[in-house]
Number of protein chains: 2
Amino acid sequence: MSKCEQCIVREFSALKALNKDELIRMADCKTSYVVKKGETIFDEGDLLNGIYCIKDGICKLSKLSDNGKDQIVKLVKKGELLGQRSLISEESTNLSAVAVEDMQVCFIPKQEILKFFNENNQFSLNMMKSVCGDLKDADDGMVNLAQKTVKQRLAETLLKLESDFGTFEDGSLKIQLSREEIAGMIGTATESCIRLLSEFNKEGWISLQGKKISIIHKKELQRMI
Amino acid sequence: MSKCEQCIVREFSALKALNKDELIRMADCKTSYVVKKGETIFDEGDLLNGIYCIKDGICKLSKLSDNGKDQIVKLVKKGELLGQRSLISEESTNLSAVAVEDMQVCFIPKQEILKFFNENNQFSLNMMKSVCGDLKDADDGMVNLAQKTVKQRLAETLLKLESDFGTFEDGSLKIQLSREEIAGMIGTATESCIRLLSEFNKEGWISLQGKKISIIHKKELQRMI
DNA sequence: CGAATAGTATGACAAATATCATATTTTACT
DNA sequence: AGTAAAATATGATATTTGTCATACTATTCG
(Lines give C-alpha, C1' and ligand atoms only; values in the text may rest on other atoms or scores of the structure.)
Protein backbone atom coordinates (compact mmCIF):
# COMPACT_ATOMS: atom_id res chain seq x y z
CA MET A 1 0.00 0.00 0.00
CA SER A 2 1.48 3.35 -1.07
CA LYS A 3 1.64 6.25 1.34
CA CYS A 4 -0.61 9.24 0.85
CA GLU A 5 2.02 11.29 2.65
CA GLN A 6 4.33 10.89 -0.29
CA CYS A 7 1.70 11.36 -2.95
CA ILE A 8 2.16 14.75 -4.55
CA VAL A 9 -1.30 15.06 -6.09
CA ARG A 10 -2.95 15.56 -2.71
CA GLU A 11 -1.50 19.07 -2.76
CA PHE A 12 -3.87 19.98 -5.58
CA SER A 13 -7.12 19.29 -3.75
CA ALA A 14 -8.88 19.83 -0.45
CA LEU A 15 -6.71 16.99 0.87
CA LYS A 16 -3.79 19.39 1.19
CA ALA A 17 -5.24 20.44 4.56
CA LEU A 18 -4.69 17.01 6.08
CA ASN A 19 -1.96 16.58 8.67
CA LYS A 20 0.47 13.70 9.00
CA ASP A 21 -1.75 11.57 11.21
CA GLU A 22 -4.72 12.03 8.97
CA LEU A 23 -2.69 11.10 5.92
CA ILE A 24 -1.51 7.91 7.55
CA ARG A 25 -5.08 7.02 8.45
CA MET A 26 -6.16 7.74 4.92
CA ALA A 27 -3.37 5.61 3.45
CA ASP A 28 -4.58 2.82 5.70
CA CYS A 29 -8.14 2.76 4.49
CA LYS A 30 -7.81 3.82 0.86
CA THR A 31 -7.74 1.44 -2.05
CA SER A 32 -5.93 2.40 -5.22
CA TYR A 33 -6.51 0.97 -8.63
CA VAL A 34 -6.19 1.47 -12.36
CA VAL A 35 -8.99 2.53 -14.68
CA LYS A 36 -8.50 1.95 -18.39
CA LYS A 37 -9.61 4.45 -21.00
CA GLY A 38 -13.31 4.02 -21.61
CA GLU A 39 -13.99 2.28 -18.32
CA THR A 40 -16.59 3.58 -15.91
CA ILE A 41 -15.72 4.73 -12.40
CA PHE A 42 -19.32 5.27 -11.42
CA ASP A 43 -22.65 5.59 -13.15
CA GLU A 44 -25.54 8.01 -12.87
CA GLY A 45 -27.65 6.90 -9.97
CA ASP A 46 -24.91 4.96 -8.18
CA LEU A 47 -24.63 5.40 -4.45
CA LEU A 48 -21.04 6.31 -3.66
CA ASN A 49 -19.48 5.07 -0.48
CA GLY A 50 -16.62 7.48 -0.62
CA ILE A 51 -14.75 9.77 -2.93
CA TYR A 52 -12.06 9.22 -5.51
CA CYS A 53 -8.74 11.01 -5.68
CA ILE A 54 -7.30 11.08 -9.17
CA LYS A 55 -3.63 10.23 -9.06
CA ASP A 56 -3.23 10.26 -12.81
CA GLY A 57 -5.32 10.60 -15.96
CA ILE A 58 -8.52 12.36 -16.92
CA CYS A 59 -12.16 11.42 -16.79
CA LYS A 60 -15.36 12.98 -18.00
CA LEU A 61 -18.40 13.67 -15.85
CA SER A 62 -21.45 13.33 -18.00
CA LYS A 63 -25.17 12.83 -17.96
CA LEU A 64 -27.15 10.83 -20.46
CA SER A 65 -30.02 12.80 -21.93
CA ASP A 66 -33.34 11.34 -23.07
CA ASN A 67 -32.34 11.83 -26.68
CA GLY A 68 -29.50 9.39 -26.13
CA LYS A 69 -26.74 11.98 -26.13
CA ASP A 70 -24.16 12.22 -23.42
CA GLN A 71 -23.69 15.75 -22.14
CA ILE A 72 -20.25 16.27 -20.65
CA VAL A 73 -20.45 18.57 -17.66
CA LYS A 74 -16.82 18.60 -16.61
CA LEU A 75 -13.45 17.05 -17.25
CA VAL A 76 -11.66 16.03 -14.07
CA LYS A 77 -7.92 15.63 -14.01
CA LYS A 78 -4.97 14.56 -11.92
CA GLY A 79 -5.10 15.99 -8.42
CA GLU A 80 -8.83 16.57 -8.34
CA LEU A 81 -11.43 14.73 -6.32
CA LEU A 82 -14.45 12.93 -7.65
CA GLY A 83 -17.76 12.24 -6.02
CA GLN A 84 -17.74 14.95 -3.34
CA ARG A 85 -21.10 16.36 -4.43
CA SER A 86 -22.85 13.08 -4.00
CA LEU A 87 -21.12 12.31 -0.71
CA ILE A 88 -21.89 15.68 0.84
CA SER A 89 -25.49 15.73 -0.38
CA GLU A 90 -25.93 12.12 0.75
CA GLU A 91 -27.59 11.37 -2.56
CA SER A 92 -26.83 9.06 -5.43
CA THR A 93 -24.76 10.65 -8.19
CA ASN A 94 -26.44 12.63 -10.90
CA LEU A 95 -23.48 12.13 -13.24
CA SER A 96 -21.39 9.26 -14.45
CA ALA A 97 -17.60 9.28 -14.52
CA VAL A 98 -15.78 7.57 -17.40
CA ALA A 99 -12.05 7.54 -18.05
CA VAL A 100 -10.99 9.56 -21.09
CA GLU A 101 -7.48 8.15 -20.80
CA ASP A 102 -5.88 5.52 -18.58
CA MET A 103 -6.12 6.54 -14.95
CA GLN A 104 -4.85 5.76 -11.50
CA VAL A 105 -7.36 6.52 -8.80
CA CYS A 106 -7.61 6.06 -5.06
CA PHE A 107 -10.88 5.42 -3.32
CA ILE A 108 -11.29 6.91 0.13
CA PRO A 109 -14.22 5.58 2.17
CA LYS A 110 -16.99 7.87 3.24
CA GLN A 111 -16.48 7.44 6.99
CA GLU A 112 -12.93 8.68 6.71
CA ILE A 113 -13.94 11.79 4.79
CA LEU A 114 -16.72 12.53 7.27
CA LYS A 115 -14.18 12.30 10.08
CA PHE A 116 -12.00 14.84 8.29
CA PHE A 117 -14.98 17.14 7.94
CA ASN A 118 -15.57 16.91 11.67
CA GLU A 119 -12.05 17.33 12.89
CA ASN A 120 -10.34 19.44 10.25
CA ASN A 121 -11.98 22.73 9.53
CA GLN A 122 -9.54 23.75 6.86
CA PHE A 123 -10.36 20.57 4.96
CA SER A 124 -14.05 21.49 5.05
CA LEU A 125 -13.26 25.00 3.86
CA ASN A 126 -11.11 23.70 1.03
CA MET A 127 -13.81 21.31 -0.04
CA MET A 128 -16.35 24.10 0.03
CA LYS A 129 -14.14 26.25 -2.14
CA SER A 130 -13.71 23.48 -4.61
CA VAL A 131 -17.46 22.87 -4.89
CA CYS A 132 -17.99 26.61 -5.21
CA GLY A 133 -15.51 26.66 -8.07
CA ASP A 134 -17.48 23.92 -9.79
CA LEU A 135 -20.67 25.89 -9.23
CA LYS A 136 -19.21 28.99 -10.83
CA ASP A 137 -18.06 26.95 -13.81
CA ALA A 138 -21.47 25.36 -14.13
CA ASP A 139 -23.23 28.73 -13.99
CA ASP A 140 -20.92 30.09 -16.65
CA GLY A 141 -21.54 26.95 -18.66
CA MET A 142 -25.28 27.51 -18.52
CA VAL A 143 -24.92 31.04 -19.82
CA ASN A 144 -22.70 29.84 -22.65
CA LEU A 145 -25.08 27.09 -23.64
CA ALA A 146 -28.04 29.41 -23.55
CA GLN A 147 -26.58 32.50 -25.18
CA LYS A 148 -23.70 31.54 -27.43
CA THR A 149 -23.65 29.85 -30.79
CA VAL A 150 -22.24 26.38 -31.33
CA LYS A 151 -19.33 27.96 -33.18
CA GLN A 152 -18.49 30.20 -30.24
CA ARG A 153 -18.74 27.32 -27.80
CA LEU A 154 -16.46 25.19 -29.92
CA ALA A 155 -13.85 27.96 -30.11
CA GLU A 156 -14.05 28.49 -26.37
CA THR A 157 -13.82 24.78 -25.63
CA LEU A 158 -10.74 24.35 -27.80
CA LEU A 159 -9.02 27.24 -26.04
CA LYS A 160 -9.97 25.83 -22.66
CA LEU A 161 -8.69 22.37 -23.53
CA GLU A 162 -5.37 23.93 -24.48
CA SER A 163 -5.03 26.01 -21.33
CA ASP A 164 -6.25 23.25 -18.99
CA PHE A 165 -4.35 20.30 -20.42
CA GLY A 166 -1.54 21.81 -22.46
CA THR A 167 0.02 20.77 -25.74
CA PHE A 168 2.68 18.34 -26.97
CA GLU A 169 5.89 19.62 -28.52
CA ASP A 170 4.22 19.50 -31.94
CA GLY A 171 1.60 21.93 -30.68
CA SER A 172 -1.29 19.47 -30.61
CA LEU A 173 -3.60 19.24 -27.60
CA LYS A 174 -2.48 16.74 -24.99
CA ILE A 175 -6.01 15.71 -24.28
CA GLN A 176 -7.45 13.66 -27.09
CA LEU A 177 -11.18 13.46 -27.29
CA SER A 178 -13.38 11.92 -29.94
CA ARG A 179 -15.51 14.24 -32.06
CA GLU A 180 -18.51 12.82 -30.24
CA GLU A 181 -17.00 13.79 -26.89
CA ILE A 182 -16.23 17.30 -28.06
CA ALA A 183 -19.80 17.55 -29.31
CA GLY A 184 -20.93 16.36 -25.88
CA MET A 185 -18.95 19.13 -24.21
CA ILE A 186 -20.33 21.94 -26.33
CA GLY A 187 -23.83 20.51 -26.49
CA THR A 188 -24.36 19.89 -30.15
CA ALA A 189 -24.75 17.06 -32.66
CA THR A 190 -21.59 15.15 -33.52
CA GLU A 191 -21.95 16.04 -37.22
CA SER A 192 -22.24 19.74 -36.41
CA CYS A 193 -19.09 19.52 -34.33
CA ILE A 194 -17.19 17.74 -37.12
CA ARG A 195 -18.43 20.28 -39.64
CA LEU A 196 -17.29 23.23 -37.60
CA LEU A 197 -13.91 21.67 -36.87
CA SER A 198 -13.49 21.24 -40.64
CA GLU A 199 -14.47 24.85 -41.11
CA PHE A 200 -11.97 26.06 -38.50
CA ASN A 201 -9.39 23.90 -40.22
CA LYS A 202 -10.16 25.37 -43.65
CA GLU A 203 -9.95 28.87 -42.20
CA GLY A 204 -6.51 27.93 -40.91
CA TRP A 205 -7.34 28.57 -37.28
CA ILE A 206 -6.70 24.99 -36.23
CA SER A 207 -5.10 21.97 -37.84
CA LEU A 208 -6.46 18.46 -37.79
CA GLN A 209 -4.45 15.28 -38.16
CA GLY A 210 -6.63 12.40 -37.09
CA LYS A 211 -7.43 12.86 -33.43
CA LYS A 212 -4.68 15.43 -33.06
CA ILE A 213 -5.95 18.98 -32.92
CA SER A 214 -3.62 21.98 -32.90
CA ILE A 215 -4.61 25.55 -32.37
CA ILE A 216 -2.84 27.66 -34.98
CA HIS A 217 -4.38 31.10 -34.58
CA LYS A 218 -5.44 31.46 -30.99
CA LYS A 219 -6.31 35.11 -31.56
CA GLU A 220 -8.90 34.27 -34.18
CA LEU A 221 -10.58 31.80 -31.86
CA GLN A 222 -10.55 34.29 -29.01
CA ARG A 223 -12.00 36.96 -31.24
CA MET A 224 -15.14 34.98 -31.97
CA ILE A 225 -16.03 34.07 -28.39
CA MET B 1 -33.13 45.72 15.56
CA SER B 2 -35.13 42.53 15.22
CA LYS B 3 -33.90 39.30 16.76
CA CYS B 4 -32.63 36.53 14.53
CA GLU B 5 -33.64 34.10 17.25
CA GLN B 6 -37.27 34.82 16.54
CA CYS B 7 -36.93 34.87 12.79
CA ILE B 8 -38.46 31.74 11.36
CA VAL B 9 -36.78 31.82 7.97
CA ARG B 10 -33.40 30.92 9.44
CA GLU B 11 -34.73 27.39 9.82
CA PHE B 12 -34.73 27.02 6.03
CA SER B 13 -31.02 27.59 5.47
CA ALA B 14 -27.60 26.66 6.80
CA LEU B 15 -28.29 29.16 9.59
CA LYS B 16 -30.47 26.59 11.33
CA ALA B 17 -27.29 25.15 12.82
CA LEU B 18 -26.58 28.29 14.84
CA ASN B 19 -27.04 28.22 18.59
CA LYS B 20 -28.57 30.89 20.78
CA ASP B 21 -25.33 32.78 21.37
CA GLU B 22 -24.47 32.80 17.73
CA LEU B 23 -27.92 34.05 16.81
CA ILE B 24 -27.62 36.91 19.27
CA ARG B 25 -24.25 37.85 17.83
CA MET B 26 -25.68 37.70 14.34
CA ALA B 27 -28.64 39.87 15.27
CA ASP B 28 -26.15 42.37 16.63
CA CYS B 29 -24.16 42.79 13.48
CA LYS B 30 -26.76 42.23 10.77
CA THR B 31 -28.52 45.01 8.92
CA SER B 32 -31.97 44.44 7.53
CA TYR B 33 -33.60 46.37 4.76
CA VAL B 34 -36.21 46.40 2.04
CA VAL B 35 -35.56 45.84 -1.65
CA LYS B 36 -38.25 46.93 -4.07
CA LYS B 37 -39.18 44.88 -7.13
CA GLY B 38 -36.66 45.58 -9.86
CA GLU B 39 -33.97 46.87 -7.54
CA THR B 40 -30.51 45.36 -7.52
CA ILE B 41 -29.04 43.67 -4.46
CA PHE B 42 -25.66 43.19 -6.06
CA ASP B 43 -24.20 43.28 -9.53
CA GLU B 44 -21.91 41.00 -11.48
CA GLY B 45 -18.36 41.78 -10.42
CA ASP B 46 -19.27 43.29 -7.07
CA LEU B 47 -17.16 42.30 -4.12
CA LEU B 48 -19.48 41.11 -1.38
CA ASN B 49 -18.63 41.79 2.21
CA GLY B 50 -21.05 39.28 3.56
CA ILE B 51 -24.08 37.25 2.66
CA TYR B 52 -27.76 38.03 2.45
CA CYS B 53 -30.53 36.13 4.16
CA ILE B 54 -33.86 36.50 2.39
CA LYS B 55 -36.59 37.13 4.91
CA ASP B 56 -39.26 37.62 2.29
CA GLY B 57 -39.65 37.87 -1.46
CA ILE B 58 -37.87 36.41 -4.47
CA CYS B 59 -34.91 37.51 -6.52
CA LYS B 60 -33.27 36.31 -9.69
CA LEU B 61 -29.61 35.46 -10.06
CA SER B 62 -28.58 36.26 -13.59
CA LYS B 63 -25.66 36.95 -15.84
CA LEU B 64 -25.59 39.38 -18.70
CA SER B 65 -24.40 37.80 -21.91
CA ASP B 66 -22.47 39.57 -24.66
CA ASN B 67 -25.55 39.54 -26.87
CA GLY B 68 -27.26 41.73 -24.30
CA LYS B 69 -29.53 39.04 -22.92
CA ASP B 70 -29.83 38.28 -19.27
CA GLN B 71 -29.58 34.58 -18.51
CA ILE B 72 -31.33 33.69 -15.26
CA VAL B 73 -29.42 30.99 -13.45
CA LYS B 74 -31.56 30.62 -10.36
CA LEU B 75 -34.49 32.07 -8.49
CA VAL B 76 -33.83 32.53 -4.79
CA LYS B 77 -36.66 32.73 -2.33
CA LYS B 78 -37.57 33.35 1.27
CA GLY B 79 -35.34 31.42 3.63
CA GLU B 80 -32.43 31.03 1.28
CA LEU B 81 -29.05 32.68 1.45
CA LEU B 82 -27.46 34.81 -1.23
CA GLY B 83 -23.82 35.42 -1.96
CA GLN B 84 -22.29 32.35 -0.30
CA ARG B 85 -20.46 31.28 -3.44
CA SER B 86 -18.65 34.55 -3.73
CA LEU B 87 -17.87 34.74 -0.03
CA ILE B 88 -16.49 31.22 0.18
CA SER B 89 -14.46 31.54 -3.02
CA GLU B 90 -13.21 34.96 -1.92
CA GLU B 91 -13.98 36.27 -5.40
CA SER B 92 -16.26 38.94 -6.76
CA THR B 93 -19.69 37.68 -7.79
CA ASN B 94 -20.21 36.20 -11.22
CA LEU B 95 -23.94 36.87 -11.05
CA SER B 96 -26.17 39.77 -10.26
CA ALA B 97 -29.15 39.58 -7.93
CA VAL B 98 -32.28 41.58 -8.74
CA ALA B 99 -35.58 41.51 -6.87
CA VAL B 100 -38.44 39.91 -8.80
CA GLU B 101 -40.89 41.09 -6.18
CA ASP B 102 -40.59 43.28 -3.09
CA MET B 103 -38.17 41.77 -0.62
CA GLN B 104 -36.95 41.97 2.94
CA VAL B 105 -33.34 40.94 3.30
CA CYS B 106 -30.75 40.88 6.06
CA PHE B 107 -27.11 41.43 5.41
CA ILE B 108 -24.68 39.46 7.57
CA PRO B 109 -21.07 40.64 7.47
CA LYS B 110 -18.36 38.34 6.22
CA GLN B 111 -16.36 38.22 9.46
CA GLU B 112 -19.35 36.85 11.32
CA ILE B 113 -19.95 34.11 8.76
CA LEU B 114 -16.28 33.16 8.81
CA LYS B 115 -16.46 32.84 12.59
CA PHE B 116 -19.41 30.49 12.24
CA PHE B 117 -17.43 28.43 9.76
CA ASN B 118 -14.62 28.12 12.26
CA GLU B 119 -16.59 27.36 15.36
CA ASN B 120 -19.69 25.56 14.11
CA ASN B 121 -19.08 22.50 12.07
CA GLN B 122 -22.69 21.75 11.40
CA PHE B 123 -23.07 25.21 9.91
CA SER B 124 -20.21 24.47 7.51
CA LEU B 125 -21.75 21.15 6.58
CA ASN B 126 -25.14 22.73 5.97
CA MET B 127 -23.59 25.39 3.80
CA MET B 128 -21.72 22.75 1.84
CA LYS B 129 -24.91 20.81 1.28
CA SER B 130 -26.65 23.90 0.05
CA VAL B 131 -23.89 24.73 -2.42
CA CYS B 132 -23.87 21.10 -3.56
CA GLY B 133 -27.61 21.34 -4.18
CA ASP B 134 -27.01 24.40 -6.32
CA LEU B 135 -24.30 22.53 -8.20
CA LYS B 136 -26.60 19.63 -8.95
CA ASP B 137 -29.27 22.01 -10.20
CA ALA B 138 -26.74 23.82 -12.38
CA ASP B 139 -25.46 20.55 -13.86
CA ASP B 140 -29.00 19.47 -14.62
CA GLY B 141 -29.63 22.90 -16.09
CA MET B 142 -26.68 22.52 -18.43
CA VAL B 143 -27.96 19.20 -19.70
CA ASN B 144 -31.41 20.66 -20.26
CA LEU B 145 -30.06 23.66 -22.13
CA ALA B 146 -27.83 21.50 -24.27
CA GLN B 147 -30.14 18.63 -25.04
CA LYS B 148 -33.74 19.74 -24.78
CA THR B 149 -35.83 21.89 -27.07
CA VAL B 150 -37.08 25.32 -26.10
CA LYS B 151 -40.58 23.88 -25.90
CA GLN B 152 -39.50 21.21 -23.44
CA ARG B 153 -37.61 23.71 -21.33
CA LEU B 154 -40.61 26.02 -21.21
CA ALA B 155 -42.88 23.18 -20.10
CA GLU B 156 -40.39 22.11 -17.45
CA THR B 157 -39.91 25.66 -16.22
CA LEU B 158 -43.63 26.26 -15.85
CA LEU B 159 -44.02 23.07 -13.85
CA LYS B 160 -41.08 24.00 -11.66
CA LEU B 161 -42.44 27.49 -11.03
CA GLU B 162 -45.68 25.93 -9.89
CA SER B 163 -44.07 23.40 -7.58
CA ASP B 164 -41.51 25.85 -6.15
CA PHE B 165 -43.72 28.88 -5.65
CA GLY B 166 -47.26 27.56 -5.65
CA THR B 167 -50.49 28.98 -6.99
CA PHE B 168 -53.18 31.43 -5.90
CA GLU B 169 -56.72 30.23 -5.25
CA ASP B 170 -57.58 30.92 -8.88
CA GLY B 171 -54.87 28.47 -9.92
CA SER B 172 -52.45 31.04 -11.34
CA LEU B 173 -48.77 30.93 -10.48
CA LYS B 174 -47.86 32.97 -7.42
CA ILE B 175 -44.61 34.06 -8.96
CA GLN B 176 -45.17 36.56 -11.72
CA LEU B 177 -42.39 36.97 -14.21
CA SER B 178 -42.27 38.98 -17.40
CA ARG B 179 -42.06 37.08 -20.68
CA GLU B 180 -38.54 38.38 -20.98
CA GLU B 181 -37.65 36.87 -17.62
CA ILE B 182 -39.17 33.53 -18.51
CA ALA B 183 -37.20 33.63 -21.76
CA GLY B 184 -34.11 34.38 -19.69
CA MET B 185 -34.73 31.30 -17.58
CA ILE B 186 -35.15 28.90 -20.46
CA GLY B 187 -32.46 30.52 -22.58
CA THR B 188 -34.32 31.69 -25.64
CA ALA B 189 -35.46 34.86 -27.37
CA THR B 190 -38.36 36.71 -25.77
CA GLU B 191 -40.43 36.38 -28.95
CA SER B 192 -39.92 32.63 -29.04
CA CYS B 193 -41.03 32.39 -25.44
CA ILE B 194 -44.16 34.45 -26.11
CA ARG B 195 -44.95 32.40 -29.17
CA LEU B 196 -44.69 29.11 -27.31
CA LEU B 197 -46.77 30.38 -24.40
CA SER B 198 -49.44 31.32 -26.93
CA GLU B 199 -49.20 27.88 -28.43
CA PHE B 200 -49.54 26.17 -25.04
CA ASN B 201 -52.49 28.43 -24.41
CA LYS B 202 -54.17 27.52 -27.69
CA GLU B 203 -53.60 23.84 -26.98
CA GLY B 204 -55.40 24.41 -23.69
CA TRP B 205 -52.48 23.30 -21.53
CA ILE B 206 -52.13 26.64 -19.81
CA SER B 207 -54.21 29.78 -19.61
CA LEU B 208 -52.94 33.32 -19.92
CA GLN B 209 -54.53 36.43 -18.50
CA GLY B 210 -52.01 39.20 -18.62
CA LYS B 211 -49.11 38.26 -16.41
CA LYS B 212 -51.17 35.54 -14.78
CA ILE B 213 -50.29 32.07 -15.98
CA SER B 214 -52.24 29.00 -14.91
CA ILE B 215 -51.34 25.43 -15.66
CA ILE B 216 -54.47 23.64 -16.82
CA HIS B 217 -53.22 20.26 -17.96
CA LYS B 218 -50.12 19.43 -15.94
CA LYS B 219 -50.02 15.95 -17.45
CA GLU B 220 -49.63 17.30 -20.97
CA LEU B 221 -46.73 19.48 -19.92
CA GLN B 222 -45.08 16.61 -18.07
CA ARG B 223 -45.52 14.35 -21.07
CA MET B 224 -43.44 16.57 -23.31
CA ILE B 225 -40.42 16.99 -21.02
C1' DC C 1 -2.90 -9.56 -43.38
C1' DG C 2 -7.60 -8.56 -44.30
C1' DA C 3 -12.30 -8.10 -42.91
C1' DA C 4 -15.24 -5.89 -39.70
C1' DT C 5 -16.22 -2.10 -37.00
C1' DA C 6 -15.95 2.42 -35.22
C1' DG C 7 -14.93 6.95 -36.15
C1' DT C 8 -14.70 10.90 -39.29
C1' DA C 9 -16.31 13.65 -43.17
C1' DT C 10 -19.62 15.87 -46.21
C1' DG C 11 -23.92 16.80 -48.79
C1' DA C 12 -28.88 17.49 -48.91
C1' DC C 13 -32.58 18.60 -46.53
C1' DA C 14 -35.71 19.51 -42.53
C1' DA C 15 -36.70 21.48 -38.25
C1' DA C 16 -35.99 24.67 -34.69
C1' DT C 17 -35.10 29.09 -33.39
C1' DA C 18 -33.68 33.98 -33.97
C1' DT C 19 -34.45 38.33 -35.96
C1' DC C 20 -36.93 42.10 -37.74
C1' DA C 21 -41.16 44.48 -38.45
C1' DT C 22 -45.33 45.95 -36.80
C1' DA C 23 -49.68 45.80 -34.32
C1' DT C 24 -51.99 45.51 -30.04
C1' DT C 25 -52.47 45.64 -25.18
C1' DT C 26 -51.12 46.88 -20.64
C1' DT C 27 -48.88 49.75 -17.37
C1' DA C 28 -46.97 53.94 -15.51
C1' DC C 29 -47.23 58.58 -14.80
C1' DT C 30 -48.74 63.38 -14.50
C1' DA D 1 -58.47 60.33 -17.50
C1' DG D 2 -55.18 60.65 -21.11
C1' DT D 3 -50.79 60.02 -23.06
C1' DA D 4 -46.21 57.96 -23.29
C1' DA D 5 -43.73 54.05 -22.59
C1' DA D 6 -43.27 49.31 -21.89
C1' DA D 7 -44.79 44.74 -22.52
C1' DT D 8 -47.09 41.37 -25.26
C1' DA D 9 -48.48 39.35 -29.58
C1' DT D 10 -47.96 37.73 -34.26
C1' DG D 11 -46.34 37.45 -39.11
C1' DA D 12 -42.60 37.05 -42.40
C1' DT D 13 -38.19 35.72 -43.09
C1' DA D 14 -33.32 34.44 -42.25
C1' DT D 15 -30.13 31.74 -39.82
C1' DT D 16 -28.63 28.13 -37.21
C1' DT D 17 -28.58 23.62 -36.12
C1' DG D 18 -30.15 18.81 -36.40
C1' DT D 19 -31.08 14.66 -39.05
C1' DC D 20 -30.47 11.32 -42.45
C1' DA D 21 -27.83 9.32 -46.03
C1' DT D 22 -23.62 7.96 -47.66
C1' DA D 23 -18.71 7.84 -48.38
C1' DC D 24 -14.27 7.61 -46.68
C1' DT D 25 -10.62 6.50 -43.18
C1' DA D 26 -8.59 4.49 -39.26
C1' DT D 27 -8.47 0.99 -35.91
C1' DT D 28 -9.23 -3.50 -33.96
C1' DC D 29 -9.14 -8.25 -33.87
C1' DG D 30 -9.05 -12.91 -35.37
Side-chain angles (χ1 to χ4, degrees), chain A residues 36-39 65-71 98 100-101 144-155 157-158 172-173 176-203 206-214 224, chain B residues 36-39 65-71 98 100-102 143-158 172-173 176-203 206-214 224-225:
Chain A
K36 289 271 175 196
K37 176 175 173 173
E39 285 179 357
S65 176
D66 301 323
N67 58 17
K69 284 181 188 159
D70 219 31
Q71 177 67 23
V98 174
V100 165
E101 47 182 55
N144 283 342
L145 284 166
Q147 307 289 355
K148 295 195 173 168
T149 64
V150 174
K151 199 181 283 195
Q152 288 176 308
R153 301 201 305 267
L154 176 58
T157 297
L158 291 173
S172 67
L173 297 179
Q176 294 199 355
L177 300 168
S178 69
R179 304 293 193 256
E180 191 179 2
E181 285 170 326
I182 299 176
M185 289 189 72
I186 66 182
T188 191
T190 306
E191 296 95 323
S192 299
C193 175
I194 289 173
R195 223 181 288 277
L196 285 173
L197 281 170
S198 295
E199 191 185 319
F200 284 12
N201 185 29
K202 275 173 198 145
E203 296 279 3
I206 64 174
S207 96
L208 301 172
Q209 308 139 73
K211 254 195 177 54
K212 276 177 184 280
I213 300 177
S214 311
M224 64 185 321
Chain B
K36 288 272 175 196
K37 176 176 172 171
E39 285 179 358
S65 175
D66 302 325
N67 58 16
K69 284 181 191 162
D70 220 30
Q71 176 67 25
V98 174
V100 165
E101 48 183 53
D102 292 350
V143 178
N144 282 343
L145 283 166
Q147 308 288 357
K148 295 195 174 168
T149 63
V150 175
K151 200 181 283 196
Q152 288 176 308
R153 302 201 304 268
L154 176 58
E156 188 160 9
T157 297
L158 290 174
S172 68
L173 297 179
Q176 295 199 354
L177 300 168
S178 70
R179 304 293 194 257
E180 191 179 2
E181 285 169 326
I182 299 176
M185 290 189 71
I186 66 181
T188 191
T190 306
E191 297 95 321
S192 298
C193 174
I194 289 173
R195 224 180 286 276
L196 286 173
L197 281 171
S198 294
E199 190 185 321
F200 285 12
N201 186 27
K202 276 172 199 147
E203 297 279 4
I206 64 174
S207 96
L208 302 171
Q209 308 137 74
K211 255 196 177 54
K212 276 176 185 282
I213 300 177
S214 311
M224 65 185 319
I225 292 179

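In what follows, chains carry the letters A, B, and so on, assigned in the order in which the sequence lines appear, proteins first and then strands, with residues in each chain numbered from 1.
With sequence neighbours excluded, the residues satisfying salt bridge (charged side-chain N to carboxylate O under 4.0 Å, His left out) with B:Glu156 are B:Lys148. The side chain to side chain donor-acceptor pair (under 3.5 Å) check on B:Glu199 picks up B:Lys151, with sequence neighbours excluded. Considering only residues two or more places apart in sequence or on other chains, B:Gln152 meets the side chain to side chain donor-acceptor pair (under 3.5 Å) condition with B:Thr149. Residues satisfying the salt bridge (charged side-chain N to carboxylate O under 4.0 Å, His left out) criterion with A:Lys212, sequence neighbours excluded, are A:Asp170. Remark: A:Asn67 pairs with A:Ser65, B:Gln147 by the side chain to side chain donor-acceptor pair (under 3.5 Å) rule, at least two apart or across chains. Every residue two or more places apart in sequence or in another chain that forms a side-chain contact (heavy atoms from CB on, under 4.5 Å) with A:Glu180 is listed here: A:Ser178, A:Thr190. Looking at residues two or more places apart in sequence or on another chain, you find a salt bridge (charged side-chain N to carboxylate O under 4.0 Å, His left out) between A:Glu181 and A:Lys60. Partners of A:Ser198 according to the side chain to side chain donor-acceptor pair (under 3.5 Å) rule, which considers only residues two or more places apart in sequence or in another chain, do not exist here.
Following rounding to the nearest Å, A:Leu197 (CG) and C:dG7 (C1') show an atom-to-atom distance of 13 Å.
Five base pairs at each end of the helix from C:dC1-D:dG30 to C:dT30-D:dA1 define two local axes, and these are offset by 50° (rounded to 10°).
Protein chain B contacts DNA chain D over a range whose 5' and 3' limits, counting nucleotides with an atom under 4.0 angstrom from a non-hydrogen atom, are D:dA7 to D:dA12.
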In 5'-to-3' order, the base (B), backbone-only (S) or no-contact (-) status of each nucleotide in nucleotides 11-30 of chain C, using a 4.0 angstrom heavy-atom cut-off, is BB----SBBB----------

Do any N or O atoms of the protein come closer than 3.5 Å to N or O atoms of nucleotides 4-6 of chain C, and which pairs are they?
none

